[in-house]
Amino acid sequence: MPSYTNSITLYEETRQHLAGGVSSNVRYASVPVPLFFARGEGPRLYDEDGNVHIDYILGNGPAFLGHAPPRVCAAVAETLALGQVFAGQHVHELELSRRLTALLPGAELVRYASSGTEAVQMAFRIARAFTGRSKIVKFEGHYHGWVDSVYVSVRPSGNEAGPAEAPVAVSDTTGVAPGAIADMVICGWNDLDHLRRALESNKGQIAAVIMEPMMVNGGVILPRPGYLEGAKQLCAEHGAVLIFDEVITGVRLGLTGAQGRFGVIPDLTIFAKAVAAGFPMALVAGRRDIMEIMQTQGVMHGGTYNGNVQSMAAAIATLDILTENNGALYTAVEARGARLMDGLRSLAAKHRMPMHITGVPAMFQTMFIATPPANWRESSLLDRDRALAFSTALQENGVRVNQRCAWFFSAAHDDVTIEETLAAADRAFATIS
Ligand SMILES: Cc1ncc(COP(=O)(O)O)c(C=O)c1O
């Protein structure tokens, strides 16, 4: 049984100085306290008690190349002495923009932000300016950042959220101005009829439809065949801008993200996290006629750290790694991630645990649920107590997944790591079954 004495002491001390002891509420979701890590390397994290964790949280996604990827770190280190922010332009920004517009089919222009949350706000502003409309369709269970306008119906409980066919917008935090979510139209995901009804009953008022094209935050769930294509068609018919929030899926599900994997190109795309391997960077990319209104119609977007030298250098080095040898890295991730999924499936069967694995090798979830879900309302039925028990038992055996048992996989998880993980999972299943 690992000891967490040092983390507990450090956390108690931190709480005396740092509100709540964390800088992001997501980090509360850890037992016995938010753990303190001394360092990360490849697929492993080393905590302040000397415990080693095979990490499948990966900073909630960015560490797709593993922790402290040497080539990215070296590329960033090379730029440190140049400076960080110039309140002006530099060639790394040009280089990255050239690379991204060549890479992403729908990216005729890009613009950088420093976090996914900010990039989403930028996309909303662009879509509203482009269409002259104000409402946004958002899906239950999807997360697009923590700010007032969009932290809505992320994890609504059944009794607050109203009937599935007519969901009520539920603000998931206190402290939000009452009018902040007035323009959000809430829909069930993976259901074209529902989206059609939402667009028709708000005819001429919807500026944008935003979604995680593979849902991750409310349960890792694939889009139904034809759903993304249908959503694109509906948006086109109604003059609404389709935004894919690929903050997690971008470069993770493939070099061109979920849109490349599923073959549907949205009007605007948001990438973040894995694209800069852990350095703070996000981007909005999209159609030229939409993006260029930033210039032609004076759409304000700012940010002191946007396009900073180190984040640009990190993203360029990341793209170098992802694109070499015809994307061989993705072939390896697919094969190894699939091995891990198969191994976990066999172990669940061996221990007679009712478990489904949803998602794809680079990002999946082990769900204790009777039927694989198609949307938030269905995924909210998963057995959370069992998920927590499993994630806790895994942690005790040196494997770190989040409390929903979502697994972020990386290019650094090699065959040896997978074997160790499966041995740990065998013990964890034995503990909870
Ligand atoms: C799909 C999605 N969109 C937006 C965000 C917000 O990004 P950030 O935490 O960088 O603000 C997240 C964060 O996890 C996310 O998963």
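Both ligands and their constituent atoms are indexed starting at 1 by order of listing.
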*Please report which non-hydrogen protein atom sits nearest to atom 3 (N) of ligand 1, along with the residue it belongs to and the distance in Å to one decimal place.*
Asp245 OD2, 2.6 Å

_Within this structure, what is the OG1-CG distance for the pair Thr256 and Leu100, rounded to the nearest 0.5 Å?_
12.0 Å

*Residue Lys273 vicinity, atoms of ligand 1 by number, heavy atom under 4.0 Å*: 13 (C), 14 (O)

*Answer with yes or no whether Asn60 contacts ligand 1, where contact means a heavy atom under 4.0 Å from a ligand atom.*
no

*Backbone, side chain, both or neither: what part of Glu246 comes under 4.0 angstrom of ligand 1, heavy atoms only?*
neither

*Which protein heavy atom lies closest to atom 8 (P) of ligand 1, and at what distance to 0.1 Å?*
Gly116 N, 3.4 Å

*Under 3.5 Å: N/O of Val247 near N/O of ligand 1*: no

*Of all the atoms in ligand 1, which lie at a distance below 4.0 Å from a heavy atom belonging to Ser115?*
10 (O), 11 (O)

*Just checking, any donor-acceptor pair under 3.5 angstrom between side chains of Glu229 and Gln233?*
no

*So Phe86 and His90, would you call those rings parallel, tilted or perpendicular, with 30° and 60° as cut-offs?*
perpendicular

_ligand 1 versus Asn217: contacting region, heavy-atom distance under 4.0 Å_ = side chain

*Backbone, side chain, both or neither: what part of Tyr143 comes under 4.0 angstrom of ligand 1, heavy atoms only?*
both

_Tell me whether the NZ or CZ atom of Arg39 lies within the 45° cone about the ring axis of Tyr46 and under 6.0 Å from its centre._
yes

*Between Val360 and Arg261, is a side-chain contact (heavy atoms from CB on, under 4.5 Å) present by the stated rule, with each step listed?*
CA-CA 11 Å; Val360 296; Arg261 191 170 186 115; 3.7 Å; yes

*Which ligand 1 atoms does Ile248 reach within 4.0 Å, using its non-hydrogen atoms?*
16 (O)

_Nearest-option assignment for atom 6 (C) of ligand 1, heavy atoms, candidates Thr117, Val216, Ile270, Val150_ = Thr117

*asked:* I'd like to check which ligand 1 atoms, numbered from 1 as shown, lie under 4.0 Å from a non-hydrogen atom of His144.
replied: 3 (N), 4 (C)

*asked:* Salt bridge check, Arg99 against Asp320: does any charged N sit closer than 4.0 Å to a carboxylate O?
replied: yes

*Below 4.5 Å, heavy atoms only, C-beta onward: do Arg336 and Pro361 meet side chain to side chain?*
no

*Looking at Phe364, Phe64, Phe408, Trp407, which one forms a ring pair (Phe, Tyr, Trp, His ring centres under 6.0 Å) with Tyr56?*
Trp407

